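Because the structure is a prediction, the values reported are computed rather than measured. Heavy-atom basis, side chains included; hydrogens, waters and symmetry copies ignored. A note on names: the letters A, B, ... follow the listed sequences, proteins ahead of strands, and every chain is numbered from 1.
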Protein chains: 2
Amino acid sequence: MSQSRRNESIPEATVPRLSQYLRKLQQLQARGAETVSSRQLADAVGTNPAQIRKDLSYFGEFGTRGVGYDVNLLVGELRKQLGLDRSWNVIIIGSGKLGTALALYRGFEKQGFNLVGMFDTDERVIGRDRGAGPVLSIDELESFIEANDVHIAIITTPAEAAQPLIDRVVAAGVPSVLNFAPIRASAGEPVILRQVDLSTELMTLSFYLDKD
Amino acid sequence: MSQSRRNESIPEATVPRLSQYLRKLQQLQARGAETVSSRQLADAVGTNPAQIRKDLSYFGEFGTRGVGYDVNLLVGELRKQLGLDRSWNVIIIGSGKLGTALALYRGFEKQGFNLVGMFDTDERVIGRDRGAGPVLSIDELESFIEANDVHIAIITTPAEAAQPLIDRVVAAGVPSVLNFAPIRASAGEPVILRQVDLSTELMTLSFYLDKD
DNA sequence: ACCTGTGAAGCATTTCACAGCT
DNA sequence: AGCTGTGAAATGCTTCACAGGT
């Protein structure tokens, strides 16, 4: 839906799995493991070995037959493929509890996501530190984006505010958006948009609960 | 992966879409719309009409040829199919910023998700109100679950704490878990498990950003 | 004229199964 | 003997296209 060029052929379903492989591999790396087989990794992330070999094969041949994969090498390769061998500038729009929770979760700074700014409309929080330096007024959104090469905007506002703000960040040139507001957001074609939706998750659980 | 019986045949991909149809339909309902065609609904949620008709057809025939769907009727039908014609008891484990954000988001109470308790290990927050009445000690987890018929446990703890707590709620009989901790959690077969993962979302964005 | 419901076609993803390397 | 890489088969999902009803 949102790829291009060289990776025309990588299944969309593969991409999120790569990040899970990476997480597990980094754990193995921290424990000093040097080698891992597709079976071991599959058991650890809950899939099957063929899935892993197929996913990796879209990018090249990284394993050694009879042995498995070199953990360090594969970590490096996955980081490169996932675009983690550089840094990305992230802003959070909405400095409520959720925005603050995400800002304080410093786990992703390690992977190269650089939280450069946080925005809100509420006069009372502007200027305060919610985990990303002083919260800025939404009035400064466009000028800040212009000046700071923002790659990712995370939306954590109430539902009503979300779509107009997405339109604004997109118009200002931000190429990707992660939306936590409970709406089905939309954005023009070249923009990469992902949505995280609590009520959809809960309803999906209740659908299956109801069937037992 | 986690269905049974009657619904053996409903694609997993259909279920989250039903919740999006429902949200749009409830908006239409609020605006007084009486009828909607698959094309209108498809445009509104960003899919195509055949998808909607196919999704609905798994549950029955709710439309009128030449006319479309009765909005009220379809809202009722979707709520029933999604298990929203009853209420579900939810607990949140972890009363940090994220847990509190979810507790304060009262949007889902309207849909029948009933937040009955919130748990933490930190002595300093136990007893305080974080949006769901007094925060309880994690020591009371099993007895609370026993006494309160808990259907859904939402995990918002740090990574290290998550898997053992999931094991505990599952052992105590909670049939479904929504995990926000950044781990690939696992749970035995009859349990319904869904995961929301910020770092996977960010990495998926950066994968596609990198290709432009 | 318009719109649903649905077989069948088309497309995407997963899994199998085995040749080939260490 | 063990494990990767990959065509091919199997499965799952989406879209087409049209018969049938209003």
NZ/NE/NH1/NH2 to OD/OE distance under 4.0 Å, B/Asp43 and B/Lys24: no

Under 3.5 Å: donor-acceptor pair, side chain of A/Asp210, backbone of A/Ser206: no

Validation row: B/Gln163, B/Asp167 side chains within 4.5 angstrom (heavy atoms): yes

Within 45° cone and under 6.0 Å: A/Lys110 NZ/CZ vs A/Phe108 ring: no

Whole-Å distance separating the CD1 atom of B/Ile10 from the C1' atom of D/dT14: 17 Å

Heavy-atom side-chain contact between A/Ser87 and A/Phe113 under 4.5 Å: no

Between B/Gln111 and B/Gln26: side-chain donor-acceptor atoms closer than 3.5 Å: yes

Residue pair A/Met118 / A/Thr100, side-chain heavy-atom distance below 4.5 Å: yes

Nearest-angstrom distance from the residue atom CG of A/Leu41 to C1' of D/dC3: 14 Å

Write out a two-atom table: protein N or O, nucleotide N or O from nucleotides 1-6 of chain C, distance below 3.5 Å.
{"residue": "C/dC3", "atom": "O4'", "partner": "B/Gly66", "partner atom": "N", "Å": "3.3"}
{"residue": "C/dC3", "atom": "O2", "partner": "B/Gly66", "partner atom": "N", "Å": "3.2"}
{"residue": "C/dT4", "atom": "OP1", "partner": "B/Ser38", "partner atom": "N", "Å": "2.8"}
{"residue": "C/dT4", "atom": "OP2", "partner": "B/Ser38", "partner atom": "OG", "Å": "2.6"}
{"residue": "C/dT4", "atom": "O2", "partner": "B/Arg65", "partner atom": "NH1", "Å": "3.4"}
{"residue": "C/dG5", "atom": "OP1", "partner": "B/Phe62", "partner atom": "N", "Å": "3.1"}
{"residue": "C/dG5", "atom": "OP1", "partner": "B/Gly63", "partner atom": "N", "Å": "2.9"}
{"residue": "C/dG5", "atom": "OP2", "partner": "B/Tyr69", "partner atom": "OH", "Å": "2.7"}
{"residue": "C/dG5", "atom": "O4'", "partner": "B/Arg65", "partner atom": "NH2", "Å": "2.9"}
{"residue": "C/dG5", "atom": "O3'", "partner": "B/Glu61", "partner atom": "OE2", "Å": "3.3"}
{"residue": "C/dG5", "atom": "N7", "partner": "B/Arg53", "partner atom": "NE", "Å": "2.7"}
{"residue": "C/dG5", "atom": "O6", "partner": "B/Arg53", "partner atom": "NH2", "Å": "2.9"}
{"residue": "C/dT6", "atom": "OP1", "partner": "B/Glu61", "partner atom": "OE2", "Å": "3.2"}

Whole-Å distance separating the CD atom of B/Glu12 from the C1' atom of D/dT14: 16 Å

Separation of D/dC16 P from B/Ile52 CD1 (nearest whole Å): 14 Å

B/Leu56 vs B/Leu74 side-chain heavy atoms within contact, under 4.5 Å: yes

Separation of atom CG in B/Asn48 from atom P in D/dA17, rounded to whole Å: 12 Å

OP1 or OP2 of D/dT14 under 4.0 Å from side-chain N/O of B/Arg17: yes

Nucleic acid contacts - residues 19-30 of chain A versus DNA chain C, non-hydrogen atoms under 4.0 Å: none

C/dT15 phosphate, OP1 or OP2, under 4.0 Å from A/Gln51 side-chain N/O: yes

